[in-house]
Number of protein chains: 2
Amino acid sequence: MDLNKKERIIFSAIKLFNKNGFHATPTSKIAKKAKVSVGTLFNYFKTKDDLIKEIYLYIKYHSKEVFLNHLENKPTYHDKLQSMWCAVIQWGIDNPEEFQFLEMFNTSPYKFQIQEERLLEEYNQLRETIIEVITPNSVCLKNPDYTLMYIDNAMHAATRFLLNNHIKDVRSFEQSSFELFWYGFKPSVQ
Amino acid sequence: MDLNKKERIIFSAIKLFNKNGFHATPTSKIAKKAKVSVGTLFNYFKTKDDLIKEIYLYIKYHSKEVFLNHLENKPTYHDKLQSMWCAVIQWGIDNPEEFQFLEMFNTSPYKFQIQEERLLEEYNQLRETIIEVITPNSVCLKNPDYTLMYIDNAMHAATRFLLNNHIKDVRSFEQSSFELFWYGFKPSVQ
DNA sequence: TTTAATTTTGACTAATCAGTCAATCAAGTA
DNA sequence: TACTTGATTGACTGATTAGTCAAAATTAAA
């Protein structure tokens, strides 16, 4: 089991799926891009659907620290969220292909085929932590699961905007996008 | 040109694409579900890719009023946005299949193949209106295009949550989700 | 009713694809 | 070196698919 080879297949597949979609990306092209034979690809992944789902899990496992690491060691919950906000955006900048793949996967029917216990467990831990962080806000408490999803979505939107447009000053964008997220639309009273 | 027949094909396709994805939905199945022959399907749509893109445009044209209609006739910009917020959520509830299709299409490579002048123009008008509405907020003015996308995304997130979870009291959810959007995370000072 | 024009049909085709497997290769071992 | 084990290969296959087209059905016109 050559991990290097397996990862080469995964990364080639991510790029091709992003470019052509799941339907217009034959396994033969993935294998060619990964400099591997079709036979090898099917040694490492049972089926094409399996490959797609494994890519998702791979990215999820490799990116989850991004969330958690930045919730600790900050005094206020404003700072905790802001720190996570910036970290997620930075992850998107560093891994644009993985980011785009996640967006595509999450809106596809594959999403509902994922039932990975270990992943759910780890993310449940993340869930608890974030809920703890947002607890001081009464609105959030009404429906913590919605709030969780709302946060995740807002970070994704910011990252997507940054990736699709040419933003020169990332730091400044992180700042003002978080400000909109944090203060909302109420005209600021300053 | 039987419009009824064309719409039957479109709606059958939307449902099948949502269920199985673009790649695993043969045109033969779409035709069968629409109670039409394959030949007829290809009479109305040049290719399968063409069908997919036409569905997107169809939904866009048929849903754009939802945004605009609710920005007028409200006194404050808080009320305008809230009115739009509720209208979009209601549209999602009334048209869950169209909603899901849009989400799938928007994250797919097809998105970048759309270059419909007329649509861009109509949405540009919407863009101007919303920017006018949000102008009083200084944060939004820094990057109005981001704000626009942020609003759209937040409404989508709320709708998606409502569709994927069993929310009994829609009115109350509309209220509290908009509150989070409007006031942000800052602990309310009441 | 007859004729002409238009729409619909579905069997068919050419192309493509996921996945297989016997043969080859590479690495380790004695 | 000779043998064993496991990974790799890519030509091949059976199944599936997008799209065609000549014939049939339907509609409109005369």
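The sequence lines fix the lettering, A, B, ..., with proteins before strands; numbering per chain opens at 1. Side chains included, hydrogens not; waters and symmetry mates left out as well; all remaining heavy atoms used.
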Undergrad: Using whole Å, what does the distance between atom C1' of nucleotide dT7(C) and atom NZ of Lys6(B) come to?
TA: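 Rounding to the nearest Å, NZ of Lys6(B) and C1' of dT7(C) are 15 Å apart.
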
Undergrad: Would you say Tyr44(A) reaches dA7(D)'s phosphate, i.e. side-chain N/O to OP1/OP2 under 4.0 Å?
TA: no

Undergrad: Does anything in residues 83-100 of chain A form a salt bridge (Lys or Arg N to Asp or Glu O under 4.0 Å)? List the pairs, not counting sequence neighbours.
TA: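 Not a single pair qualifies under salt bridge (Lys or Arg N to Asp or Glu O under 4.0 Å).
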
Undergrad: Please report, rounded to the nearest Å, how far the P atom of dA18(D) is from the NZ atom of Lys48(B).
TA: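 So the NZ-P distance, Lys48(B) to dA18(D), works out to 4 Å.
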
Undergrad: Would you please name every residue forming a side chain to side chain donor-acceptor pair (under 3.5 Å) with Thr25(A), sequence neighbours left out?
TA: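 Not a single residue meets the side chain to side chain donor-acceptor pair (under 3.5 Å) criterion with Thr25(A).
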
Undergrad: Could you tell me which residues satisfy ring pair (Phe, Tyr, Trp, His ring centres under 6.0 Å) with Tyr150(B), sequence neighbours excluded, listed by chain and number?
TA: Tyr146(B)

Undergrad: dG6(D) C1' sits how many Å from Lys5(A) NZ, rounded?
TA: 12 Å

Undergrad: Atom CG of Asn43(A) and atom C1' of dA7(D): how far apart are they, to the nearest Å?
TA: 7 Å

Undergrad: Residues from residues 23-41 of chain B sitting under 4.0 Å of DNA chain C, heavy atoms only?
TA: Val36(B), Ser37(B), Gly39(B), Thr40(B)

Undergrad: Can you tell me how far P of dC17(C) sits from CG of Leu51(A), to the nearest Å?
TA: 16 Å

Undergrad: To the nearest Å, how far apart are Phe45(A) CZ and dC17(C) P?
TA: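 In whole Å, dC17(C) P lies 20 Å from Phe45(A) CZ.
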
Undergrad: Could you tabulate the donor-acceptor pairs under 3.5 Å formed by side-chain atoms of residues 122-134 of chain B, not counting sequence neighbours?
TA:
residue	atom	partner	partner atom	Å
Glu122(B)	OE1	Lys64(B)	NZ	3.0
Arg127(B)	NE	Asp145(B)	OD1	2.9
Arg127(B)	NH2	Asp145(B)	OD1	3.0
Arg127(B)	NH2	Asp145(B)	OD2	3.3
Thr129(B)	OG1	Gln125(B)	O	3.0

Undergrad: Expressed in angstrom and rounded to an integer, what is the separation of Phe42(A) atom CZ from dA7(D) atom P?
TA: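 Those two atoms, CZ and P, are 18 Å apart.
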
Undergrad: Please give, in whole Å, the distance from dA18(C) P to Phe22(A) CZ?
TA: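 Whole-Å distance recorded here is 13 Å.
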
Undergrad: Run the salt-bridge test on Lys6(A) and Glu54(A) with the 4.0 Å N-O cut-off and return the result as yes or no.
TA: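 Salt bridge present between Lys6(A) and Glu54(A).
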
Undergrad: Restricting to pairs with a member in residues 155-178 of chain A, which pass salt bridge (Lys or Arg N to Asp or Glu O under 4.0 Å), not counting sequence neighbours?
TA: Glu103(A)-Arg160(A), Arg171(A)-Glu174(A)

